[in-house]
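Only one structure is covered here, and it is reproduced in the block below.
Atoms within a ligand are numbered from 1 in the order they appear, just like the ligands themselves.
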Amino acid sequence: MTPAMPSQLFYGGDYNPEQWGREVWLEDMRLMREAGVNLVTLAVFSWATLEVADGVYEFGWLDEIIGLLHENGISVDLATATASPPAWLTIANPEVLPVNYQGTRLSHGGRQGYCISSPIYKAKSGQLAAKLAERYGKHPAIKMWHVNNEYGCHNPICYCDVSALAWREWLKKRYSNLEELNLAWGTNFWSQRYHSWDEVLPPRETPTGTYPNPSMTLDYRRFSNDQILDLYLNERDIIRGFDSVNPITTNFMSMKHTSVLDYWQWAKEVDFVATDHYLMADDERNYIDLAFQADLTRGFAGGKPWLLMEHSTSAVNWQERNIPKAQGEMLANSLSHVARGSNGAMFFQWRQSISGSEKFHSAMVPHTGEKSRIWHNVKELGAKLQELKALAGSETEIAEVAMIFDYQSWWALSQRNLPSTSISYPELAHDWYRALWELGLRVDFVAPGSSAAELSNYKVVLAPMLYLLNTDDEQALIDYSKAGGSLVVSYFTGISNEVDAVKLGGYGGSLVRDHLGVFVDEFAPVRLGEKVSLSNGMSGSEWSQFATTSSADELASYVDGLALGSTALAKSASGRDWYVGTRLDDASNQQLFASLAAELQLEQLGGKGVEVINRGGLQLSIDHNTNRVSWKANV
Ligand code: GLA
């Protein structure tokens, strides 16, 4: 049995005491107690202050601060400090630094400056994790381990020669021989056929206007994900050797445009799921994106509680315009995460830095100190979490709607040479989710490849742009539907198999062509800024297609544009499955999902700017029109 997350609502954030003098540490303890902080994440970027030269460790300051926190009743989420290697390491071993797509070796000075396939980085990070686990594994202040930090945030892919060697070994395990690889990647195209493993390179930049082989590029994303996971597993298993009591995790990045890792795979390897989420200030309804990411994270956690490891008290420092949070917005954000399954609310960071590139990023203790608006809000949130502490360990109520979210389809759809560069996997998934949110319909996220039995927990399963679909996964969707479930399937679903080879005989394979009964003949992307109108009054953009129904019932056709007269919206002969052939606008999506909710008699709670979520014995309600939060017993 692996250790579980302690059943407690956590409150606190990243704590970087090495940026401050001892007198500030004492003030920190007082303020943390005042705000109700019970957990801090220590040492995330401390490698250079803990290992000052190769093999020379200085743990004195960390001993002291962990002791001080313990005396003050504050627990520690101890990071392994391996997120950013120190200068001495990469100066002595320049090959540890990553190489980009264009072949340039990057420099030390930012963060995460390491190649994900570097054996030197792996050995040195493992050594540091061992030292920390040995020294602090049994310290009573330590509650959990925080391996590295936001893996792959800045260095998701490396194109160096060391990576090339690891890549070939990875490929030899995936493909039993070179001929199998040639077949999978379709290398007879453009003279790409390989005659020896040594000829296979990372998919580096190619002559202008051409791109590396798409199947190869997709495999390189899979390889990179596995290399990073291997680094995590190395540190995790080393820590486990010294500490079998405290849970070990790492913080994921649940962000709308972050697709670096396949978190469905990662979730199996952490003792509990932890994630970071930041609002995009330019998005006026960014609380819906927050809800999407929180629900997705709960999906990774299999419905169990998870932990919001970072969010911000107010503005960040890395967007074009860093807009602060409105009064009440922080509380609304934090409690939305808690309602959707987080066992607490943690922030980046405790005290706002005065130097370095994050000095204008908000924190729990801002530059202006205790007289600030933010500090007032921080104390208020601490008090609310105290009132809600009985929620710890409880689960958010299961939804009636499930959405399949697939990082690997996203990777395949992030490449060039698709029918249109305007199509966006996360945007379509968010469009559908937004409509459901506004209608008060709650969503659980499920992994691609879920079995028909797993899907049968839901009345309806959504598959927006599930581009890669292998035969087994396709069959699971068909079986789920045949057993009485309802599917909603979008355009550009089921186009290719797992090696990104197109399925023939009507786009969408047997799911769309045979099961749903829609024959998609040819794609007709819509020009930028133009719209297509549908015969039922709806409208869409970006995509249309030449399509007809075979067994399906046509609900709407295009009344203008290139695909005039073609099927735009259809329902399968069973009357339970929907096919959506364009990117519907917001009003049309709401119309579609409202009729689906009525037909399937789905429960609607809240809506129109108000979210209502049941967790534990409570019904939490968050009104984003006013930023007011409330809760009552859920009877
Ligand atoms: C990420 C990192 C933090 C910090 C924040 C700023 O989440 O993990 O160290 O840089 O971004 O938003």
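Side-chain contact check for Q319 and D282: no donor-acceptor pair (N or O, by modelled atom type) lies under 3.5 Å.
A salt bridge links D54 and K124; the closest N-O separation between the charged side-chain nitrogens and carboxylate oxygens is under 4.0 Å.
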Using the salt bridge (Lys or Arg N to Asp or Glu O under 4.0 Å) rule, take R628 and D623 through it: C-alpha gap first, then chi angles, then the decisive distance, then the call. CA-CA 5 Å; R628 284 180 53 124; D623 183 342; over 6 Å; no
Apply salt bridge (Lys or Arg N to Asp or Glu O under 4.0 Å) to residues D237 and R240 and explain how you reach the verdict. CA-CA 5 Å; D237 295 347; R240 188 83 83 219; 5.8 Å; no
Verdict with supporting geometry, K131 and E51, salt bridge (Lys or Arg N to Asp or Glu O under 4.0 Å): CA-CA 10 Å; K131 287 277 175 201; E51 189 177 1; over 6 Å; no
Does the side chain to side chain donor-acceptor pair (under 3.5 Å) test come out yes or no for R351 and Q19, once each step is laid out? CA-CA 10 Å; R351 185 180 277 278; Q19 296 178 15; over 6 Å; no
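The nearest protein atom to atom 9 (O) of ligand 1, hydrogens excluded, is given as R111 NH1, 3.1 Å; this is a heavy-atom distance. For atom 5 (C) of ligand 1, the closest heavy atom belonging to the protein is Y278 OH, 3.5 Å. Looking at atom 3 (C) of ligand 1, its nearest protein heavy atom turns out to be E310 OE1, 3.4 Å.
Counting atoms of ligand 1 from 1 in the listed order, those under 4.0 Å from a heavy atom of F45 are 9 (O). In summary, the atoms of ligand 1 found under 4.0 Å from a heavy atom of W318, numbered by their order in the structure, are 6 (C), 12 (O).
Here's the thing with N317: none of its N/O atoms is less than 3.5 angstrom from an N/O atom of ligand 1. For the pair N251 and ligand 1, the shortest N or O to N or O distance does not fall below 3.5 Å. Note: no N/O pair closer than 3.5 Å links D14 and ligand 1 by distance alone.
Of the candidates H311, H361, E358, H277, E358 brings a heavy atom nearest to atom 10 (O) of ligand 1.
W264 places a side-chain N or O within 3.5 Å of a backbone atom of F405 that can act as its donor or acceptor partner.
Look at M253 and you'll find every heavy atom at least 4.0 Å from all atoms of ligand 1.
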